[in-house]
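Below you will find the structure I want to go over with you.
All figures in this text were calculated on a predicted structure; none of them were measured in a lab.
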Amino acid sequence: MLKKYQKLSESVNVRSALRAKSIIRRYLKPTNLTHYSELSRLMDAEIFVKHENHNPTSSFKIRGAINLFGSIDPEDATSGVLVATRGNHGLAMAWAAQWFNLPCTVVVPESNSEEINHCIEGFGAELIIHGHDFYDAQLFCDELSESAGYYYVEQGNEVSILNGIGTMTLEIMEDLPDVDVIISPIGGGALCASIIKVARGINPEIEIIGVQAETAASFYHSWQKGKWVVLDNADTIADGLAARSVFQLPYVIMKDQINDVVLLREDEILSGVNMSIESTHNLAECAGAASLVAAMKIKDRLKGKRVALIMSGGNIERKHLVQAIQ
């Protein structure tokens with residue numbers, strides 16, 4: 001099964017990310033890569049934060065959504081585009097669908113944030129609530145795409161989405177060509193996989209470190225066991241990390257090329273939200289702040305290096321913000 005994705009992974013590369021950049025720049029401005037002196041002092045390294053939370057819909061996902069819509073033939077999506085999400089992907093797809101005049105249906109699990117649900121509907125998408133978690137929502141999309149003829153976008157397995165996300169790494173390399181380490185959260189895996197493909201395509205020596213929640217460490221266990229693993233559950237406060245498995249395409253990219261994976265407890269994830277507020281004056285969602293606290297956790301390894309931390313999103317639920325502050 002994974003052989004197909006191994007071949008597909010060759011299509012995720014610097015050249016394709018550059019093509020995606022020509023599409024995306026019509027809709028998005030580059031996000032800031034900001035140096036923070038306080039984080040640098042705390043970690044005894046040169047710390048930069050890539051602010052994907054400054055994008056429309058407040059996450060990196062918008063890059064992949066725009067490139068996907070700019071790449072598909074509208075005739076293939078006459079019944080509309082279908083996606084499963086916990087939040088950011090659905091927001092991005094609903095937002096981009098408006099620009100490309102295509103109908104979009106978003107399936108979310110029953111536990112999903114009401115705030116996110118309202119935003120998705122506000123962008124004009126049809127919302128369907130189904131299943132316990134993201135994995136259940138995905139399986140339901142498989143059924144819907146067969147019965148109703150939707151163009152089903154399996155986000156982490158779409159080459160155009162990964163290449164769209166890869167434009168973020170192009171921006172990092174333009175602003176900080178001598179970066180030593182990039183630290184990225186891992187949920188479904190598309191973000192970290194795209195970083196590996198683009199960064200290593202420019203400089204093979206760059207160290208790439210992933211971050212996962214201890215309670216949702218699907219890729220970590222897959223990496224350790226040398227095979228693709230699906231967990232029984234993935235309950236974590238960080239919605240962007242709450243995946244029972246990474247997608248197959250990111251898995252085949254990351255499994256032999258990632259340098260390390262840092263696992264975080266739930267209290268550590270919440271402390272990252274506070275760190276973001278205090279050190280960068282940015283409101284990050286739990287997954288978006290994960291790279292900051294992961295860097296603190298391994299600061300001895302980062303000493304003296306130039307480090308880019310990915311703040312992947314800023315869509316935090318009110319209740320989680322209250323927990324973090326308390």
Side-chain angles (χ1 to χ4, degrees), residues 5-25 28-36 39-40 43-52 54-55 60 63-64 67 156 159-186 189-212 219 223 246 249-262 290-292 294-312:
Y5 295 103
Q6 194 68 55
K7 181 67 176 176
L8 205 59
S9 71
E10 297 171 9
S11 300
V12 182
N13 52 51
V14 175
R15 181 178 295 179
S16 297
L18 286 168
R19 281 198 294 267
K21 183 180 177 181
S22 68
I23 295 172
I24 291 170
R25 67 184 177 189
L28 302 180
K29 295 179 180 179
T31 56
N32 294 328
L33 180 69
T34 304
H35 177 265
Y36 287 100
L39 289 175
S40 298
M43 301 183 204
D44 198 15
E46 290 299 308
I47 303 296
F48 299 78
V49 175
K50 183 61 171 169
H51 282 291
E52 292 298 284
H54 293 172
N55 274 316
F60 73 94
R63 296 176 183 270
N67 194 48
V159 167
S160 58
I161 285 182
L162 267 70
N163 283 319
I165 296 169
T167 60
M168 181 203 71
T169 308
L170 290 176
E171 292 171 13
I172 292 174
M173 300 306 295
E174 289 170 4
D175 291 342
L176 191 66
D178 52 356
V179 61
D180 297 306
V181 183
I182 301 176
I183 301 181
S184 165
I186 298 175
L191 174 59
C192 193
S194 70
I195 291 170
I196 286 173
K197 282 295 219 171
V198 176
R200 292 273 174 74
I202 297 171
N203 178 2
E205 302 303 315
I206 293 175
E207 189 175 359
I208 312 295
I209 297 174
V211 187
Q212 290 199 292
F219 174 71
W223 184 50
V246 291
L249 178 56
Y251 170 70
V252 300
I253 292 171
M254 293 189 293
K255 66 183 179 69
D256 297 321
Q257 299 190 62
I258 200 163
N259 293 96
D260 200 2
V261 179
V262 178
S291 61
L292 276 69
M296 276 295 292
K297 196 167 183 175
I298 60 167
K299 66 179 184 177
D300 290 346
R301 289 171 51 186
L302 303 178
K303 185 175 181 178
K305 295 182 179 180
R306 295 179 183 86
V307 184
L309 309 178
I310 310 303
M311 189 172 286
S312 56

* Asked: Less than 4.5 Å apart, any side-chain heavy atom of Leu191 and any of Pro185?
  ->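 They are in side-chain contact.
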
* If you take all heavy atoms of Ala295 and Leu309, which pair is closest and at what distance? ->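 Nearest pair, atom of Ala295 first, then Leu309: CB-CD2, 3.8 Å.
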
* Distance in Å, Leu33 CG paired with Met311 CE, rounded so as to fall on 0.5 Å steps ->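 If I round to the nearest 0.5 Å, the distance is 11.5 Å.
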
* To do: Report yes if some heavy atom in the side chain of Met254 is under 4.5 Å from a heavy atom in the side chain of Ile196; otherwise report no.
  =>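 A side-chain contact exists here, since the closest heavy-atom pair is under 4.5 Å.
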
* Asked: How long is the gap from CG on Leu28 to NE2 on His54, to the nearest 0.5 Å?
  ->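 These two atoms lie 14.0 Å from each other.
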
* 4.5 Å side-chain heavy-atom contact, Leu170 and Leu18 ->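 Yes; the side chains approach each other to less than 4.5 Å.
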
* Asked: To the nearest 0.5 Å, how far apart are CD1 in Ile253 and CD in Gln6?
  ->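 The distance works out to 8.5 Å.
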
* To do: Quick one: do Glu205 and Asp180 satisfy side chain to side chain contact (heavy atoms under 4.5 Å, CB included)? Show the steps, please.
  => CA-CA 8 Å; Glu205 302 303 315; Asp180 297 306; over 6 Å; no

* **Shortest non-hydrogen contact between Val14 and Lys197, atoms and distance** =>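 In terms of heavy atoms, the two residues are closest at CG2-O, 4.3 Å.
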
* To do: Identify the two heavy atoms, one from Ile165 and one from Ser194, that lie closest to each other, and give their separation to 0.1 Å.
  =>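 Result for this residue pair: CG2-OG, 3.1 Å.
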
* Asked: To the nearest 0.5 Å, how far apart are CD1 in Ile195 and CE in Met173?
  ->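 One gets 11.5 Å once the value is rounded to the nearest 0.5 Å.
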
* Do Asn203 and Asp178 come close enough that some side-chain heavy atom pair is under 4.5 Å? ->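 In short, these two side chains do not touch, never coming nearer than 4.5 Å.
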
* Reported CD1-to-SG distance for the pair Ile186 and Cys192, which is rounded to 0.5 angstrom ->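 It comes to 4.0 Å.
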
* Would you say the side-chain atoms of Ser40 and Glu46 include a donor-acceptor pair closer than 3.5 Å? ->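 No, because no side-chain N or O of Ser40 sits under 3.5 Å from a partner of the opposite role on Glu46.
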
* Any side chain to side chain donor-acceptor pair (under 3.5 Å) pairs touching residues 164-173, not counting sequence neighbours? ->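 Side chain to side chain donor-acceptor pair (under 3.5 Å) check on residues 164-173 returns Lys50-Glu171, Arg63-Thr167, Arg63-Glu171.
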
* Please walk me through it: do Phe48 and Ile182 pass side chain to side chain contact (heavy atoms under 4.5 Å, CB included)? -> CA-CA 10 Å; Phe48 299 78; Ile182 301 176; over 6 Å; no

* Atom pair CD1 (Ile172) and OG1 (Thr31), whose distance is rounded to the nearest 0.5 Å ->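 Ile172 atom CD1 to Thr31 atom OG1 measures 7.5 Å (nearest 0.5 Å).
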
* To do: Under the side chain to side chain donor-acceptor pair (under 3.5 Å) rule, collect the residues that match up with Lys297, sequence neighbours excluded.
  =>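 Partners of Lys297 by the side chain to side chain donor-acceptor pair (under 3.5 Å) criterion, ordered by chain and then number, come out as Glu268.
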
* Go through the steps to decide whether Trp223 and Val261 satisfy the test side chain to side chain contact (heavy atoms under 4.5 Å, CB included), and finish with yes or no. => CA-CA 9 Å; Trp223 184 50; Val261 179; 3.8 Å; yes

* Asked: How far apart are the closest heavy atoms of Ile258 and Gly210, and which atoms are they?
  ->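 In terms of heavy atoms, the two residues are closest at CD1-N, 3.7 Å.
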
* Asked: Taking all atoms of both residues into account, what is the closest heavy-atom pair of Ala20 and Asn163, and its distance?
  ->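 Minimum heavy-atom contact is CB-O, 3.6 Å.
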
* Asked: Under 3.5 Å, is there a donor-acceptor pair linking the side chains of Arg19 and Ser16?
  ->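 Yes, a side-chain donor-acceptor pair sits under 3.5 Å.
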
* His51 backbone acceptor or donor facing Asn32 side chain under 3.5 Å ->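 Here the side-chain-to-backbone pair does not exist.
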
* Asked: Between Gln257 and Ile208, does a side chain to side chain contact (heavy atoms under 4.5 Å, CB included) hold up when you go through it step by step?
  -> CA-CA 8 Å; Gln257 299 190 62; Ile208 312 295; over 6 Å; no

* Leu162 vs Leu249 side-chain heavy atoms within contact, under 4.5 Å ->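 Yes, close enough: below the 4.5 Å cut-off.
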
* Is any side-chain heavy atom of Val211 less than 4.5 Å from a side-chain heavy atom of Ile183? ->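 Yes, close enough: below the 4.5 Å cut-off.
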
* Asked: Of all heavy-atom pairs between Val198 and Ala17, which one has the smallest distance, and what is that distance?
  ->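 Looking at all heavy atoms of both residues, the closest pair is CG2-CB, 4.0 Å.
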
* Any salt bridge between Arg200 and Glu207, counting N to O under 4.0 Å? ->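 Salt bridge absent between Arg200 and Glu207.
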
* Pairing residues for Asp300 by the side chain to side chain donor-acceptor pair (under 3.5 Å) criterion, not counting sequence neighbours ->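 Partners of Asp300 by the side chain to side chain donor-acceptor pair (under 3.5 Å) criterion come out as none, since no residue qualifies.
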
* Are Tyr251 and Phe219 close enough that some pair of their side-chain heavy atoms sits under 4.5 Å apart? ->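 Yes; the side chains approach each other to less than 4.5 Å.
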
